[in-house]
Amino acid sequence: MTSLPRRSAPAPRLVAGFAGFAVVAVVVQLLALYWPVVTVEGPVSWTDKVVHLLVFAVPTYAVGRALGSVRTAVLVFAVHAPVSELVQHFLLPGRSGDVWDAVLDLLGVALGAAALVVGAMRRRC
């Protein structure tokens with residue numbers, strides 16, 4: 001479960017595509033997490049929680065796919081989730097850390113990892 005199985009070496013364009021997607025996903029994540037003041041408005045009060053879930057699920061999937069390693073992606077983003085909330089709470093004026101945001105961040109990591117594993121199983125069949 002730690003590495004994605006590969007039947008043969010992927011085409012260079014495919015690898016470059018996933019690497020580019022991973023870079024964009026991580027940059028968007030960093031901007032969303034560390035922008036000095038963020039106001040998330042939506043039709044319901046839980047929009048912010050959905051954003052936290054997605055801002056960790058998508059980069060976990062993208063980086064895991066680009067690297068071909070579920071374990072590395074999960075490790076990096078599972079550590080980053082609580083660290084980001086601590087940085088928001090203690091170092092960014094106008095932002096506050098939230099335990100529930102960290103929980104949703106970790107659920108996002110799990111969702112991204114699950115998508116990697118299911119995708120690998122489907123490609124293998």
- With a 4.5 Å heavy-atom cut-off, do D98 and K49 have their side chains touching? yes

- Message: My understanding is that only residues two or more places apart in sequence, or in another chain, count here; which of them pass side chain to side chain contact (heavy atoms under 4.5 Å, CB included) with V28?
- Response: V24

- Item | Expected output: side-chain R95 to main-chain W35 donor-acceptor under 3.5 Å | yes

- Short question: side chain of Q88, backbone of L33 - any donor-acceptor pair under 3.5 Å? yes

- Query: Are V83 and V103 connected in the hydrophobic side-chain network, where two residues link if heavy atoms are under 4.5 Å apart?
  - Reply: no

- Task: May I ask you to test the F77-V26 pair for a side-chain heavy-atom distance under 4.5 Å?
- Result: yes

- Tell me whether V55 is reachable from L30 by hopping between hydrophobic residues (I, L, V, M, F, W, Y) whose side-chain heavy atoms are closer than 4.5 Å. yes

- ILVMFWY cluster, L106 and V74 together (side-chain gap under 4.5 Å): no

- Under the side-chain contact (heavy atoms from CB on, under 4.5 Å) criterion, do H80 and F56 qualify, and how do the steps go? CA-CA 9 Å; H80 186 226; F56 274 85; 3.7 Å; yes

- Task: Say whether L92 and W100 are linked into one hydrophobic cluster, either directly or through other cluster members, by side-chain heavy-atom distances under 4.5 angstrom.
- Result: no

- Query: Per the side-chain contact (heavy atoms from CB on, under 4.5 Å) rule, which among V76, T60, L53, L104 passes with V109?
  - Reply: T60

- Distance-only, no hydrogens or angles: does the T72 side chain make a donor-acceptor pair with backbone N or O of S69 under 3.5 Å? no

- Closest non-hydrogen atom pair, P59 against Q29: CG-CB, 4.0 Å

- Under a 4.5 Å side-chain heavy-atom rule over Ile, Leu, Val, Met, Phe, Trp and Tyr, are V79 and V87 clustered together? yes

- Expected output: side-chain R122 to main-chain V118 donor-acceptor under 3.5 Å: no

- Query: For the residue pair D105 and S84, what are the closest heavy atoms and their distance?
  - Reply: OD2-OG, 3.9 Å

